[in-house]
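Since the structure comes first, as structure tokens, the remarks are kept for the end.
In the text below, chain A, chain B and the rest are named by the order of the sequence lines, each starting its count at 1. Heavy-atom basis, side chains included; hydrogens, waters and symmetry copies ignored. If you're wondering where the values come from, they're calculated on a predicted model, not measured in any experiment.
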Amino acid sequence: MTEPTLAALRCSRCDRPIDRCEFCDASDCRTPICYGCVRVALGETVPQPHTHGG
Amino acid sequence: MGFDQVYHYAAGKLDWLAAGLSTEGSNAKRPRAGDVARREVPTCGLDERLGQVARRVGAAGWDACVVVNAERVVFGLLRAKELQADPELGIEQAMRPGPSTFRPFVSIVEMARFMADHDLDSSPITTSDGRLVGLLRRGDAARVAEELARSGGNAPEEGPS
């Protein structure tokens with residue numbers, strides 16, 4: 001049975017596990033960033049409020 | 001107000017901006033990724049051979065090529081490393097599939113900063129439906145961001161407008 005692959009990277013902003021940096025596509029990026037954080041950082045979207053209003 | 005034809009753009013303001021359409025206001029004067037991206041970037045299709053594409057790209061003085069379909073929707077990217085692979089490879093085998101792409105309205109200052117931080121030479125700029133606008137080169141982004149800083153024009157923005 002194959003073991004599930006663990007993400008080697010964590011987003012440098014929110015600490016979410018990711019497979020690759022969503023800015024440079026590198027799996028060995030020194031400042032990896034997740035899809036959500038890069039879109040917010042570049043102003044392509046705005047931070048979404050917590051679904052429970054928190 | 002004197003307008004006789006008024007439309008409701010249902011897809012929203014960000015979609016309008018993402019298509020690279022014209023805007024007004026103080027933020028509209030700032031250079032954006034779509035303004036600086038090079039539109040004459042070499043492109044190729046999935047059915048070509050790498051050797052043939054690499055020769056064409058080199059002859060045009062580029063070290064990158066965007067893989068697109070007939071509607072110019074981005075499928076992949078060939079950077080210098082991929083272009084140096086086995087010339088007999090098909091483009092689909094050689095390319096980086098589904099590269100990260102960015103919208104034309106993104107601040108050139110932010111793009112320059114991110115490209116430097118991530119040591120990234122080029123980034124494809126596309127509309128929100130994935131159509132190629134151009135390829136943003138790190139040197140171009142850095143130069144325009146520096147010019148903007150010298151002219152005092154990189155103060156914080158008021159949000160996308």
Donor-acceptor contact below 3.5 Å, side chain Asp25(A) vs main chain Ser100(B)
yes
Got more than 12 heavy atoms from elsewhere within 6.0 Å of CZ, Arg143(B)?
yes
Heavy-atom closest pair, residues Thr101(B) and Arg39(A)
O-NH1, 3.0 Å
Should we count CD of Glu40(B) as having more than 12 external heavy atoms under 6.0 Å?
yes
With sequence neighbours left out, what residues match Ala85(B) under side chain to side chain contact (heavy atoms under 4.5 Å, CB included)?
Leu50(B), Leu89(B)
Count the heavy atoms belonging to other residues, nucleotides or ligands that lie under 6.0 Å from CZ of Arg20(A), then report whether that count exceeds 12.
yes
Any side-chain heavy atom of Phe114(B) sitting closer than 4.5 Å to one from Val38(A)?
yes
Structural part of Ser128(B) lying under 4.5 Å from a heavy atom of chain A:
neither
Region of Ala41(A) in contact with chain B, defined by heavy-atom distances below 4.5 Å:
both
What distance do Asp117(B) atom CG and Arg30(A) atom CZ have between them, rounded to the nearest 0.5 Å?
8.5 Å
Per-residue contact mode, Cys24(A) against chain B (heavy atom under 4.5 angstrom):
both
Suppose the criterion is side chain to side chain donor-acceptor pair (under 3.5 Å): which pairs have a residue in residues 42-53 of chain B, not counting sequence neighbours?
Glu48(B)-Arg56(B)
Within a strict 4.5 Å, meaning less than it, do heavy atoms of the His118(B) and Ile33(A) side chains meet?
yes
